[in-house]
Each structure stands twice: as structure tokens, then as C-alpha cells.
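One structure below.
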Amino acid sequence: MLAIRSHFLNHFNDAPALVVKSPGRINLIGEHIDYNHGFVLPAAIDKFIELAIGKRTDGAMHMVAVDLGETIILPMHNLAPHATVWVNYIIGVVDQVLNTENNNASIEINLVSKREDLAAGFDICIQGNIPLGAGLSSSAAIECAVLFALNELYSLSLTKMQMALMAQSAEHTFAGVHCGLMDMFASLHGEKNKAILLDCDSLDFTYYPLVLDDYSIILFDTQIKHALASSEYNTRRFECERGLAIIQEKYPTVKTFRDISLEQVEACLAFNDIKGLKVYQRCKYVVEEMQRVQLAVQDLAKGDMQAFGKKMFETHTGLSNLYEVSCPELDFLVEAVSNNENVLGARMMGGGFGGCTINIIKKSAVEEITKTLTASYAQLMHKELAVYITSIEEGTHLVAE
Ligand code: GLA
């Protein structure tokens with residue numbers, strides 16, 4: 001890749017004011033749990049978005065997506081969702097800074113005083129190596145890169161957590177996906193060789209060293225990008241809210257899924273009709289996964305990656321059978337490694353309906369497993385498997401010249 005600085009210079013005939021790098025993420029365990037107020041265990045990875053930015057004075061933003069060879073120019077006022085998808089990840093967060101009335105007074109005061117500067121416009125160039133639609137959060141990486149860059153350029157004094165929350169709101173309003181906080185949180189807060197346990201209720205978080213010794217984290221990409229992924233995602237969210245509301249009718253002290261036992265799920269939701277059955281299955285998965293994450297974190301703290309990996313397989317079974325966000329290709333990839341003694345754990349990762357499986361595989365066996373799986377995936381699923389050997393890296397940061 002030609003450095004993003006050079007692209008910026010070529011395009012705008014000027015050097016950028018600053019350059020930011022923002023990573024994609026993996027999630028070890030705790031899937032579809034962030035928007036249900038549980039714990040998740042993500043980490044930032046060695047796939048990233050690079051962004052170069054400089055100020056303008058004419059009230060316009062000029063946005064260049066180097067990899068796509070596209071340039072879009074828009075005025076800074078009257079921002080609304082745009083037909084070009086990637087543009088929304090930029091203007092969505094700009095809208096957050098310019099227009100959103102924030103509840104936190106200290107952010108608000110600071111943002112108001114800076115809004116005039118920002119309204120004068122900017123030039124942006126982005127490029128990256130996060131595969132699109134692979135469930136590695138390329139969109140969150142762009143949103144975080146833009147917010148981080150604006151925060152630096154206009155001295156907005158936003159914390160990383162505030163930026164994560166603003167990026168999440170941008171995704172809701174400009175991309176129409178009612179996602180949780182995990183992706184943006186992980187992209188911004190990542191640290192080298194550490195997983196982060198995020199409490200999606202209190203937003204407290206703890207870093208856990210990820211000591212894998214002879215093992216590597218490998219992502220197998222189905223290369224399936226399911227068109228229904230975002231609508232099904234929003235449906236899952238709605239089904240969980242529905243189940244929670246039914247349980248709360250009987251148990252008014254219940255605030256979130258954190259307060260719910262499996263017995264309560266059985267007592268309140270085990271209906272017979274199809275719609276009811278779906279709500280029951282979703283809630284059963286959520287409560288089980290929440291319990292699993294707690295135990296998995298104990299495994300991680302003890303360094304018992306064997307036990308941790310077993311729970312990853314269990315998560316996959318739940319996501320496939322109860323939450324129903326898997327697909328034949330993801331199931332195939334997990335099933336194919338499930339009895340391999342060199343694979344500690346494997347499961348589908350992220351929103352689902354395509355994208356990647358995450359696997360913890362013995363380093364010495366990676367080559368052989370990859371070879372066999374690539375062949376069988378081509379033969380039986382008629383697709384080319386993409387393979388990413390992943391390292392855990394630091395979160396969104398400035399890149400020195
Ligand atoms: C997507 C969403 C996240 C999270 C995962 C599933 O990546 O953006 O907020 O819900 O799916 O765990």
C-alpha cells in the first residue's frame with residue numbers, strides 16, 4: 001500500500017495535518033451480548049484503516065476512499081444518510097460532533113465551542129486492509145478513525161469511551177444498524193496482546209493478557225456476505241427486548257438479562273407458537289452465553305485455554321441452533337475442526353450470516369489445517385476460503401511521520 005500521506009498529497013496537493021490508524025477487532029467470546037448488557041471479550045487486530053486529514057475553509061468535506069477509487073464532496077450542513085455506503089461512516093460521526101445534543105454537559109460545552117471550526121470543512125483520505133463484510137468491523141474502524149482524527153485536529157477533548165458511544169450512535173442513525181458498543185469500543189481501546197473484558201452495562205473494562213504460547217488465532221473467512229445480515233441483526237435485538245419485557249411483567253425487579261436465570265426463561269417464555277418459540281430460543285442463548293463468558297474469563301485468568309476453547313465451541317452451537325445467526329458455510333468450518341486435537345476452540349464471530357470463524361490453533365498445525373480446510377471448503381461449499389493469521393494490536397492512534 002502506498003502510504004496514506006502520499007495519497008493525500010497527490011489528491012489535495014498539500015500534506016495532511018495528521019494521520020490516524022484504526023484497527024478492526026476480533027471477539028473471543030460473548031457474541032450478541034453487548035446490546036443485551038452482558039460482558040464481551042474483544043481485542044483489536046493487525047488489520048486496520050489508515051486516515052489522513054487536513055482542514056478546509058469553504059464549508060465542504062472532500063472524502064477520498066483510495067481502495068475504491070471514489071471521491072465524494074458534500075457540504076457540512078444538512079447531513080443526512082447517503083446512498084454511498086462508506087460515506088455514512090464518515091458523515092455519521094461528523095453529524096454526532098456537529099449536531100447531537102449530548103447528555104453529558106462537559107462534552108456538550110466543549111463541542112459547541114468547537115463546532116464553528118469544524119463547520120469550515122476538511123479533506124479526508126482513507127484506505128485499509130480490513131476485508132469488507134467479513135465481520136471484522138471495518139465500518140467501526142472508519143468511524144473511530146474519523147472521530148479520533150477530529151478529536152485531535154479540533155481539540156475536542158473527547159475520551160475514548162465518549163468517542164465509542166458517538167460512533168455507535170452514528171451507526172444507528174446513518175447506517176441503520178442497531179449495533180452494540182463492542183466494535184467501536186474495541187477499535188479505540190485495544191492494547192497489544194491483550195483482550196478486553198467490557199461490562200456492557202456499567203462500561204467498566206479490564207485488560208487480560210492473551211498468552212497463547214504455542215497457539216495462534218486464525219480467522220477463516222467464508223467470503224459470504226449475507227444481504228439480510230443487518231435486518232436480521234435488528235430482528236434479534238427486537239426479539240431479545242420482547243423476551244425481556246415478558247419476563248419483567250412477571251419479575252418486575254429484573255432490569256436486564258443480567259438479572260435473569262435459565263429457570264425464569266423456562267417459566268416465562270417456553271411457548272408453543274412459532275413466534276414465541278423464537279423469543280424463547282434467543283433469550284435462552286443470551287442467558288447461557290452470559291454464564292459462559294463468566295466461566296471463560298476464569299479459564300483465561302488461570303491460563304486454561306483448553307477449557308476456554310471448549311466454551312467457544314459451545315457458543316457456536318448456541319449461535320447456530322438457538323440464536324440462528326450462523327449459515328451452512330460457518331457451520332461447516334467449525335464442524336470441520338471440532339475433533340481436531342490441535343484446535344482448542346472455534347466458532348462463528350460477529351453478527352453472523354457469513355464472515356469469519358475464529359479459531360485457536362496450535363502453531364505447528366496451522367499450515368496443515370489451513371491446507372485441508374481450503375481444499376474441503378472449495379470441494380463441498382464451492383467457495384474460496386480466505387485465511388487471516390491474526391495478531392493482537394493497539395487501538396486507534398496517531399501515526400508519527
Ligand atoms: C456486530 C455488532 C456488535 C455485536 C456483534 C455480535 O459486530 O456491531 O455490536 O453485537 O455483531 O456480537
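Read the numbers this way: they start at 1 and go in the same order the structure lists the ligands and their atoms.
What sits closest to atom 3 (C) of ligand 1 on the protein, heavy atoms only, is Asp34 OD2, 3.3 Å. Of the protein's non-hydrogen atoms, the one nearest atom 5 (C) of ligand 1 is Met182 CE, 3.8 Å.
Close approach to Tyr233 involves these atoms of ligand 1, each under 4.0 Å from a residue heavy atom: 1 (C), 2 (C), 3 (C), 4 (C), 9 (O), 10 (O), 11 (O). Less than 4.0 angstrom separates some heavy atom of Cys179 from each of these atoms of ligand 1: 2 (C), 8 (O), 9 (O). For ligand 1, the atoms sitting less than 4.0 Å from at least one non-hydrogen atom of Gly180 are 9 (O), numbered in the order shown with element in parentheses.
The distance criterion of under 3.5 Å between nitrogen or oxygen atoms is met by Asp183 with respect to ligand 1. An N or O contact shorter than 3.5 Å links Arg25 to ligand 1 by distance. Polar contact with ligand 1: absent for Tyr35 (N/O pair, distance under 3.5 Å).
Checked against a 6.0 Å centroid threshold, the rings of Tyr233 and His32 count as neighbours.
Met63 is listed as a side-chain neighbour of Leu74, based on a closest heavy-atom distance under 4.5 Å. Within the 4.5 Å cutoff, the side chain of Cys144 has no heavy atoms near those of the Met163 side chain.
Not a single donor-acceptor pair under 3.5 Å links the side chain of Glu191 to the backbone N or O of Glu394.
When each of Glu31, Glu288, Arg292 is paired with Thr315, the side-chain hydrogen bond (donor to acceptor under 3.5 Å, both in side chains) condition holds for Arg292 and for no other.
Residue contacts with ligand 1: Gly350 is included, with a non-hydrogen atom under 4.0 Å away.
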Under the ring pair (Phe, Tyr, Trp, His ring centres under 6.0 Å) rule, what do His189 and Phe205 come out as? Steps first, then yes or no, please. CA-CA 10 Å; His189 292 82; Phe205 56 93; 4.9 Å; yes
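One finds no salt bridge joining Lys363 and Asp214 here, because no Lys/Arg side-chain nitrogen approaches an Asp/Glu carboxylate oxygen to under 4.0 Å.
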